[in-house]
Amino acid sequence: MSLTAGRFSRITTRVKEIKRYKGCFVCGDLNPHGIKAVFWHDGSQAETTIVAGQEFEGYRGIYHGGIMAALLDEVMIKAILALDIFAVTAEMTVRYKQPIMTGDRVVFRGRIVEHKGRVYVTEGEAVGDDGRIFAEATGKYLVARPELREQLVRSLD
């Protein structure tokens with residue numbers, strides 16, 4: 001079962017868990033309504049694997065596109081946070097290729113492709129166990145100014 005697709009490769013080097021806020025909808029383990037995704041970084045990209053749960057359906061049997069977008073946003077910003085850089089989403093584009101069905105196991109990957117001043121440009125993708133690409137995304141993230149950075153730092157575990 002290969003998890004390799006597109007320009008992204010399976011994480012095979014030493015990985016570390018990326019910081020999180022326990023109340024976050026996407027990664028918080030204490031949010032009773034959240035996804036509870038755990039994100040890892042291998043030095044070049046962030047990754048998480050989820051099983052598409054029925055509780056996040058858009059239509060019967062189909063995982064909600066907004067939840068896919070939230071996971072793509074999170075995996076791309078986690079690629080930045082893994083470097084201890086606190087940023088916020090400025091812009092994101094998602095290209096949906098095919099629906100994720102509830103019960104599908106999906107790997108979300110994100111990486112930094114460019115950095116200029118306060119702006120980080122990223123790419124992300126959602127890939128099935130069989131290599132199907134469900135969605136691709138690009139994002140622009142702004143490094144948080146000092147006062148916002150302080151608030152973000154206080155949120156993390």
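Residue indices begin at 1 and follow the sequence shown.
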Decide yes or no for [X] and [Y]: does some side-chain heavy atom of the first lie under 4.5 Å from some side-chain heavy atom of the second?
X	Y	result
Val153	Phe86	yes
Trp40	Lys16	no
Val143	Ile85	yes
Leu148	Val88	yes
Val106	Thr49	no

For the side chain of [X] and the backbone of [Y], is there at least one donor-acceptor N/O pair under 3.5 Å apart?
X	Y	result
Asp42	Ser44	yes
Arg109	Gly124	no
Asn31	Gly28	no
Arg149	Ala144	no
Thr48	Val38	yes
Tyr120	Lys140	no

Once you round to the nearest 0.5 Å, how far does [atom1] of [X] lie from [atom2] of [Y]?
X	Y	atom1	atom2	answer
Lys22	Cys27	NZ	SG	11.0 Å
Glu57	Met101	CD	CE	9.0 Å
Arg145	Glu150	CZ	CD	14.0 Å
Lys78	Leu83	NZ	CG	13.0 Å
Arg111	Glu125	CZ	CD	9.5 Å
Glu74	Ile18	CD	CD1	9.0 Å

Review point. Is the closest side-chain donor-acceptor distance between Asp29 and Tyr21 under 3.5 Å?
Key: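 Asp29 vs Tyr21: no donor-acceptor pair found between side chains.
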Mind listing the closest non-hydrogen atom pair of [X] and [Y] along with its distance?
X	Y	answer
Val75	Gly110	CG2-N, 3.6 Å
Ile67	Ile35	CG2-CD1, 3.6 Å
Asp104	Arg132	OD2-NH2, 4.0 Å
Met92	Ala69	CE-O, 3.4 Å
Gly53	Thr102	O-CG2, 3.8 Å
Ile100	Ala52	CG2-CB, 3.6 Å

Check your understanding: Is it true that Arg105 and Asp129 make a salt bridge, defined as a side-chain N closer than 4.0 Å to a carboxylate O?
Key ->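 Between Asp129 and Arg105 there is a salt bridge, with a charged N closer than 4.0 Å to a carboxylate O.
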Review point. So, are Asp84 and Lys19 salt-bridged, with charged N and O less than 4.0 Å apart?
Key: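 Looking at Lys19 together with Asp84, the answer is yes, because their closest N to O distance falls below 4.0 Å.
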Counting heavy atoms not belonging to [X], are there more than 12 under 6.0 Å from its [atom1]?
X	atom1	answer
Glu17	CD	yes
Arg118	CZ	yes
Arg60	CZ	no

**Study point:** ring-ring contact (aromatic ring centres under 6.0 Å, His included) against Phe39, all qualifying residues, sequence neighbours excluded
**Key:**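 Once residues adjacent in sequence are excluded, Phe39 has no partner under the ring-ring contact (aromatic ring centres under 6.0 Å, His included) criterion.
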Practice item. Report the C-alpha separation of Leu71 and Ile50 in whole Å, then their side-chain angles, then the decisive distance to 0.1 Å, and conclude whether the side chain to side chain contact (heavy atoms under 4.5 Å, CB included) test is met. Key: CA-CA 10 Å; Leu71 280 156; Ile50 60 101; 4.3 Å; yes
Practice item. Test Phe134 against Val107 for side chain to side chain contact (heavy atoms under 4.5 Å, CB included), laying out the working first. Key: CA-CA 10 Å; Phe134 296 111; Val107 178; over 6 Å; no
**Study point:** Sub-6.0 Å ring centroid separation between Phe56 and His64
**Key:**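 No, ring centres 6.0 Å or more apart.
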Review point. Testing Thr138, Thr122, Val121 for side-chain contact (heavy atoms from CB on, under 4.5 Å) with Val113, which one passes?
Key: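 Option passing the side-chain contact (heavy atoms from CB on, under 4.5 Å) with Val113: Val121.
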Linked, directly or transitively: [X] and [Y] (ILVMFWY side chains, under 4.5 Å):
X	Y	value
Ile112	Leu152	yes
Ile62	Val127	no
Val26	Leu156	yes

Practice item. Carefully, step by step, assess Leu72 and Phe108 under the rule side chain to side chain contact (heavy atoms under 4.5 Å, CB included). Key: CA-CA 7 Å; Leu72 286 163; Phe108 288 82; 3.9 Å; yes
Exercise for review: Applying side chain to side chain contact (heavy atoms under 4.5 Å, CB included), run through Glu136 and Lys97 and close with a yes or a no.
Suggested key: CA-CA 8 Å; Glu136 296 174 326; Lys97 304 290 186 175; 3.2 Å; yes
